[in-house]
2 protein chains.
Amino acid sequence: MNVRTLCLGFLSTQEATGYEIKKEFEEGLFSHFIEASYGSIYPALNQLAADGLVTVREEEQSGKPDKKVYAITTAGHAALSKWLSVVPARDKYKSEFLFEMYLQHYLTAGHTVVAIEKQLSHLRDDLKCIDQCRAEGNSDEGATFIMGYGEAVLTASVSYLESKLVEMKSRAAKAAE
Amino acid sequence: MNVRTLCLGFLSTQEATGYEIKKEFEEGLFSHFIEASYGSIYPALNQLAADGLVTVREEEQSGKPDKKVYAITTAGHAALSKWLSVVPARDKYKSEFLFEMYLQHYLTAGHTVVAIEKQLSHLRDDLKCIDQCRAEGNSDEGATFIMGYGEAVLTASVSYLESKLVEMKSRAAKAAE
DNA sequence: TGATGCATGTAATCCGTTACATGATTCA
DNA sequence: TGAATCATGTAACGGATTACATGCATCA
């Protein structure tokens with residue numbers, strides 16, 4: 001799924017500027033499974049506008065730069081429906097962390113622990129993000145579904161890593177005896 | 001992490017051809033968190049050989065095409081150590097499935113169920129793959145770690161989706177009353 | 001006889017990230 | 001005064017996928 005579809009999908013729920021979309025992708029509901037940079041969002045938005053799938057409205061702001069608010073059109077809704085009617089591609093998960101853990105014998109025990117703790121902190125950040133989204137009142141069916149999924153997966157990862165850390169520490173303690 | 005590092009990492013555990021590396025990435029231990037096509041693996045291998053990080057040995061086979069077996073060198077081990085000493089980048093997870101679930105109101109209930117069932121079947125395939133790897137005797141520390149992680153995460157996803165399906169069906173039954 | 005597995009490779013193309021460019025305001 | 005936030009955009013670059021090219025053996 002390209003950035004164009006992602007933007008259009010987001011705009012189907014609310015009007016937004018490119019800046020806001022980026023923020024939503026990295027701090028909001030989608031943060032743990034979507035990524036997009038300004039370098040891809042702004043051109044995508046221009047493309048969507050050129051194709052008549054969204055409209056643009058320029059708004060002046062006092063004390064802040066002007067902004068361009070995008071809103072989905074009827075044609076946009078139709079296009080989105082069509083794109084979504086294709087059963088989605090498989091999830092893509094890439095983990096340097098796991099690859100590194102597989103190659104543990106190359107690492108010192110200390111480095112391994114640091115890597116695990118960093119991974120844990122990323123996972124906890126994502127969990128916190130979901131909690132916050134829930135607190136902010138995202139409660140429609142779609143939001144509930146994806147928050148629940150994220151929570152389930154992230155919680156399982158955290159539990160696993162925590163138990164592994166305990167295991168490693170007790171082993172290290174034994175080895176030190 | 002680029003394909004070059006991935007290949008070198010794999011070769012640090014065993015000799016292999018490009019073809020075998022691809023297979024291992026898509027059917028083996030790594031299948032759920034690594035992806036690479038021939039179009040990236042073969043050039044990467046040539047690069048590694050040119051840099052002296054691996055050696056190549058051509059083997060003739062009867063009834064099969066010749067193959068090039070790659071093996072890591074001392075310089076390769078050193079380079080890998082260095083690359084791994086950097087704490088790994090954050091995991092990247094991209095899910096069209098979740099995005100589509102967020103936009104459920106665009107979908108028919110039937111389409112949603114189909115999408116969930118397809119997702120479930122992917123997840124179960126990945127789980128089966130891990131089971132098989134375990135059955136085939138991958139039991140060193142690194143392998144155990146990543147198989148356990150994968151299992152924990154995938155199992156949690158499957159449970160979540162299964163419970164969601166039940167929930168949706170009971171709601172549909174109620175609506176039909 | 002046609003698909004599948006084994007085996008390697010290249011070129012075109014796509015898509016996205018990174019870095020750069022600009023600029024006002026607010027907060028520490 | 002310097003960093004962070006708001007706000008939009010382009011150009012260079014990188015990295016990988018896709019499609020193409022080749023060819024033999026085996027199995028259904």
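Only heavy atoms go into these numbers, but all of them, side chains included; no hydrogens, no water, no symmetry mates. Just so we're on the same page: letters track the sequence lines, and every chain starts at 1.
Each end of the helix from C/dT1-D/dA28 to C/dA28-D/dT1 gets its own rotation axis from five pairs of C1' atoms, and the angle between them is 40° to the nearest 10 degrees.
One can place OH of B/Tyr42 at 18 Å from P of D/dA19, the figure rounded to the nearest angstrom. Rounded to whole Å, atom P of D/dT17 lies 15 Å from atom CZ of A/Arg90. For the pair A/Ile41 CD1 and D/dA7 P, the computed distance is 14 Å after rounding to whole Å. When the P atom of D/dC6 is taken as reference, atom CD of A/Glu20 falls 10 Å away, rounded to whole Å. Between the CD atom of A/Glu60 and the P atom of D/dA7 there is a distance of 14 Å, rounded to whole Å. If you measure from atom NZ of A/Lys68 to atom C1' of D/dC6, you get 16 Å, rounded to the nearest angstrom. Atom CD1 of B/Ile21 is separated from atom P of D/dA16 by 14 Å (rounded to the nearest Å). The NZ-P distance, from A/Lys67 to D/dT5, rounds to 17 Å in whole Å.
Side-chain rings of B/Phe97 and A/Phe33 stay apart, their centers remaining 6.0 Å or farther from each other.
Distances shorter than 4.0 Å separate some side-chain N or O of A/Gln61 from OP1 or OP2 on D/dA7. Regarding contacts with the backbone of C/dC6, a side-chain N or O of B/Tyr19 is found under 4.0 angstrom from either OP1 or OP2. Taking side-chain N and O atoms only, A/Lys23 has a distance below 4.0 Å to OP1 or OP2 of D/dC6.
Looking only at side-chain heavy atoms (C-beta outward), A/Glu24 and A/Tyr19 stay at 4.5 Å or farther from each other. Residues B/Glu96 and A/Arg90 form no side-chain contact, since every pair of their non-hydrogen atoms from C-beta on lies 4.5 Å or further apart.
Residue contacts for B/Tyr70: at a heavy-atom cut-off of 4.0 Å it reaches the sugar-phosphate backbone alone, with no base atom in range.
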> How does protein reach along nucleotides 12-28 of chain C, written 5' to 3' as B (base within reach of a heavy atom under 4.0 Å), S (only sugar-phosphate), or - (no contact)?
Replying inline: ----SBB----B-S---

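A donor and an acceptor atom, one from each side chain of A/Asp140 and B/Gln104, are nowhere located under 3.5 Å apart. If you check the side chains of B/Glu20 and B/Tyr70, you find no donor sitting under 3.5 Å from an acceptor.
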> A/Asp66 and A/Glu59: side-chain contact (heavy atoms from CB on, under 4.5 Å), yes or no, with the steps?
Replying inline: CA-CA 6 Å; A/Asp66 295 357; A/Glu59 269 183 27; over 6 Å; no

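Both the sub-6.0 Å distance and the 45° axial angle are satisfied by A/Lys22 relative to the ring of A/Tyr38.
With rounding to the nearest 0.5 Å, the separation of CG in A/Leu107 from CD in A/Glu100 is 5.0 Å.
We find that B/Lys174 and B/Glu177 are not joined by a salt bridge, their nearest charged nitrogen and carboxylate oxygen being 4.0 Å or further apart. A salt bridge links B/Arg57 and B/Glu15; the closest N-O separation between the charged side-chain nitrogens and carboxylate oxygens is under 4.0 Å.
In this structure, A/Phe25 and A/Phe30 have perpendicular ring planes: the angle between them is above 60°, well past the 30° mark.
Closest approach of B/Gly18 and B/Tyr42 over heavy atoms only: CA-CE2, 3.8 Å.
Sorted by residue number, the list of members of residues 44-52 of chain A with any non-hydrogen atom under 4.0 Å from DNA chain C is empty.
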